[in-house]
J.: 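One structure, as structure tokens, below. Some questions next.
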Number of protein chains: 2
Amino acid sequence: MTVPTTGRRERKKAATRQKIADTALRLFLEHGYDAVGIRDVAAEADVAVTTLFSHFASKEALVFERDDDFEQRLTRAVTDRAPDEPLIPALRREIHALVRHCVADDAAPIWGMIVASPALREYEESMRLRHAQSLAEALIAAPGLSRSATACRTIARFVIDAYALAREAGDPQAAVDEIFEMIEAAWKAAGQAPNGPRNGRSGAGG
Amino acid sequence: MTVPTTGRRERKKAATRQKIADTALRLFLEHGYDAVGIRDVAAEADVAVTTLFSHFASKEALVFERDDDFEQRLTRAVTDRAPDEPLIPALRREIHALVRHCVADDAAPIWGMIVASPALREYEESMRLRHAQSLAEALIAAPGLSRSATACRTIARFVIDAYALAREAGDPQAAVDEIFEMIEAAWKAAGQAPNGPRNGRSGAGG
DNA sequence: TTCAAAACACTAACCGCTAGTGTTAACGTC
DNA sequence: GACGTTAACACTAGCGGTTAGTGTTTTGAA
């Protein structure tokens, strides 16, 4: 028989984690996020409360189970782009894809649940802050951008803002385009800052 | 006897509120935010826990007692500016002042406490979201800007970002200037958006 | 004087979350 | 195959923030 890439233990752990996440999402969508307690989820998934919290850091994390994707996709859009591809269009493409995926019909109930719960909205906001920070680090580390660290951090925030704003807009895809026109202009302006670029070699950058 | 503008009841209420806030801040600074419980604050202020929560919505709100100022100052910077004053420089001045006030020496201990506590940082982040939204509404309602609602919401976020980023920068005042160069460019670009302005009369705006 | 509203208090509890302490199952190794 | 190590899981208790429910007192007004 073939050698499994994962041992039985890891598979069981992943199964338990998935069972908890699935159970939680089902209960949340059935009865509402606030109406379902951690003890309910644990009982329905047939695990102890402590076990639940060994898999998920918080109740909100049960909803945003796959948020690592977001962070990685953004930083990879920076690091893995073609050597001659400008920065901002690459980010714009990625945000377009993320928004599209997020506004898709199958994600609508989950998104509605998040919007309806202040706790979940706040949690997502702090998630976005983390994403902006890791994107900022990727930008600062990227070669050839010729922008200051402050400019990189600023653009990172702006890009995350674009994602958040677009999702709330009537026409999300059009909003992405409109906001990225502004981001493009901001990025160009940062290249002409009086204090000058401090990151990488000289050049137009991006 | 003269008619007091505020009755005894209102004065007593304000006094109780202030006593709670002062006691809380003192205890937080003495022993650390996480080391002081709500029950400690209530006991020290000589009120019941329920009374404390009738004055403040949460433990974090005890620290950000005066956040209404922030919101009002920003929106007033938009609505109360001279009729011919461009928008972005007015906002830049206000952010400069707010950052200066926030980095001042007497606010340093409080700021350090906030940075040291994840709960407080998260709370402040959600506060900023509210501020961005009210600023966005002020921008959308402002006459003569000739920008789309999406552009207004975007610039509002960018301005709040500038505040947050500048405070974390090595030279906050310089960071405000650098970021506002980018914001100015973004604002101008929004005036030339292909979908065109939808808000207010035609004109350069800002 | 009387009344309604509002501030305040007290009890009791809910809820998210964690520490401490096992118990069981899987893996590596001899 | 026995053995020790590790990690997943369970259970009890409890902490800290927050609220509901139920009065009691103060205050401003009729």
J.: Separation of B/Lys13 atom NZ from D/dT26 atom C1', in whole Å?
T.: 14 Å
J.: Rounded to whole Å, how long is the line connecting atom CZ of B/Phe53 with atom C1' of D/dA20?
T.: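 Checked: the CZ to C1' distance equals 14 Å.
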J.: For the pair made of NZ in B/Lys59 and P in C/dC15, what is the distance, rounded to whole Å?
T.: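 So the NZ-P distance, B/Lys59 to C/dC15, works out to 21 Å.
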J.: Applying a 4.0 Å non-hydrogen cut-off, can you work out what B/Thr16 is touching in the nucleic acid: base, sugar-phosphate, or nothing?
T.: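 B/Thr16: backbone/sugar contact only, no base atoms under 4.0 Å.
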J.: Can you tell me how far P of C/dC15 sits from CG of A/Leu52, to the nearest Å?
T.: 15 Å
J.: So, OP1 or OP2 of C/dA7: does either fall under 4.0 Å of a side-chain N or O from B/His55?
T.: no
J.: Do NZ/NE/NH1/NH2 and the carboxylate oxygens of B/Arg128 and B/Glu125 come within less than 4.0 Å?
T.: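 Judged by the 4.0 Å cut-off on N to carboxylate O distance, B/Arg128 and B/Glu125 do form a salt bridge.
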J.: To the nearest Å, how far apart are A/Arg39 CZ and D/dA10 P?
T.: 16 Å
J.: C/dC17, OP1 or OP2 - any side-chain N/O from A/Thr50 closer than 4.0 Å?
T.: no
J.: Considering just the side-chain nitrogens and oxygens of B/Thr51, establish if one lies under 4.0 Å of OP1 or OP2 belonging to C/dA9.
T.: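 True: B/Thr51 side-chain N/O within range (under 4.0 Å) of C/dA9 OP1/OP2.
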J.: Counting any heavy atom closer than 4.0 Å, what does A/Asp46 reach on the DNA or RNA strands: base, sugar-phosphate only, or nothing?
T.: sugar-phosphate
J.: Mind checking B/Val49 for me? I need base, sugar-phosphate or nothing, with any heavy atom below 4.0 Å counting as a touch.
T.: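 Answer is base: heavy atoms of B/Val49 come under 4.0 Å of a base.
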J.: Write down the distance between CZ (A/Phe56) and P (D/dA8), rounded to a whole number of angstrom.
T.: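 Atom CZ in A/Phe56 sits about 13 Å away from atom P in D/dA8.
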J.: Please report the distance, rounded to the nearest Å, between CD1 in A/Ile38 and P in D/dG16.
T.: 20 Å
J.: Atom CZ of A/Arg11 to atom P of D/dA8: distance rounded to whole Å?
T.: 15 Å
J.: At 4.0 Å (heavy atoms only), tell me whether B/Val41 reaches a base, stays on the sugar-phosphate, or touches nothing.
T.: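 Counting heavy atoms under 4.0 Å across all strands, no contact is made by B/Val41.
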J.: Side-chain contact, heavy-atom cut-off 4.5 Å: B/Tyr123 with B/Ser117?
T.: no
J.: Once the angle between the rings of A/Phe70 and A/Tyr163 is folded into 0 to 90°, is it parallel (under 30°), tilted (30 to 60°) or perpendicular (over 60°)?
T.: perpendicular
J.: Should A/Arg92 and A/Asp177 count as an ion pair when the cut-off is N to O under 4.0 Å?
T.: yes
J.: Is the phosphate of C/dA7 approached by B/Lys12 (side-chain N or O, under 4.0 Å from OP1 or OP2)?
T.: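 Checking B/Lys12 against C/dA7: no side-chain N or O falls below 4.0 Å of OP1 or OP2.
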J.: So, the side chain of A/Arg17 versus the backbone of A/His55: is there a donor-acceptor pair under 3.5 Å, distance only?
T.: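 Answer holds: yes.
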